[in-house]
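Beneath this line is the structure, given in structure tokens, with notes to follow.
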Amino acid sequence: MKKIAKIIRVFFLIGLLLSLTSCGTNKLSNESTLKRVEESDSIVWGVKNDTRLFGLMDIKSGQVQGFDIDIAKALTKEILGDEGKATFVEVTSKTRIPLLKNGNIDAIIATMTITPERKEQVDFSDVYFEAGQSLLVKKGSAIHSIKDLKEGTTVLAVKGSTSVDNIKKAAPKAKILELENYAECFTALKSNQGDVMTTDNAILMGMASESTDYTLVGGNFTNEPYGIAVNKNQEPFLNKINAALKTLHQNGTYDKIYNKWFGDVAN
Ligand code: GLU
């Protein structure tokens, strides 16, 4: 009898635990992000902190700066008004979706390509930036294009990025070394841990502008359209983001921000 009572108790506890955890998840996914950001008068954006031109921490000011940051600030003002506050939380390519899904951030604006696989987990805004994957090498390197990545070539890329999947397809014989973030990846290239680094052209341009010994080669071999990601079932928030993006294009703010960051490097 005692044994049966014990078994019943264990089942009861498991049931209780399961219902508690599912309550937790439902609560998060049912909660309206738009309502929350309007009530708090702030939007928490997941951004890169180590990617020059898009999101880079400036040690002196303690502020993160870049194209994604300025677009996020402008979107926040459009959605919440002049009093609205943009708050920034650091993400990497690997951590951005988990941080969004567990409610640490309201949206991701972090050099993130819209892909069908990612669309299964999050929803994306309209495209706000067009990039393409390319290669960065030390000047004088024997690598001039994707065709030169052969057996024995070590390619550096960042975990959780589309760059890893794309390069595996484009250069199946090469060895891929995956680093945690873009700062580590560029450091690895500079210390000869790899022959070439690969990611989006615009990110590589930021590195080439920082160190003139490095250059992009071979042009783009993929299309990487960037989108802002929000959690699933948050259409009202997503619609606000898309409407705000449209306004930034119409009133010249987008072009102003674009020229501020890419006016020099893109030409
Ligand atoms: N745009 C690519 C991606 O979303 C590479 C840049 C990044 O790692 O954020 O994966």
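Just follow the structure's listing: the first ligand is 1, and inside any ligand the first atom is 1.
Salt-bridge annotation for D123 and K232: present, with a side-chain N of the basic residue lying under 4.0 Å from a carboxylate O of the acidic one. Remark: D70 engages K260 in a salt bridge, criterion side-chain N to carboxylate O under 4.0 Å.
One distance of note links OH of Y182 with CZ of R52; it measures 15.5 Å at 0.5 Å rounding.
Contacts of ligand 1 (protein heavy-atom distance under 4.0 Å) are K48, S93, R96, A110, T111, M112, T113, R118, S161, T162, S163, Y182, T199, D200, I203, Y226.
Between Y226 and Y128, the ring planes lie tilted relative to each other; the angle falls in the 30° to 60° range.
Residues F67 and Y254 bring their aromatic ring centres within 6.0 Å.
Counted within 6.0 Å of NZ on K119, heavy atoms from surrounding residues, nucleotides or ligands total 12 or fewer; the atom is thus considered open.
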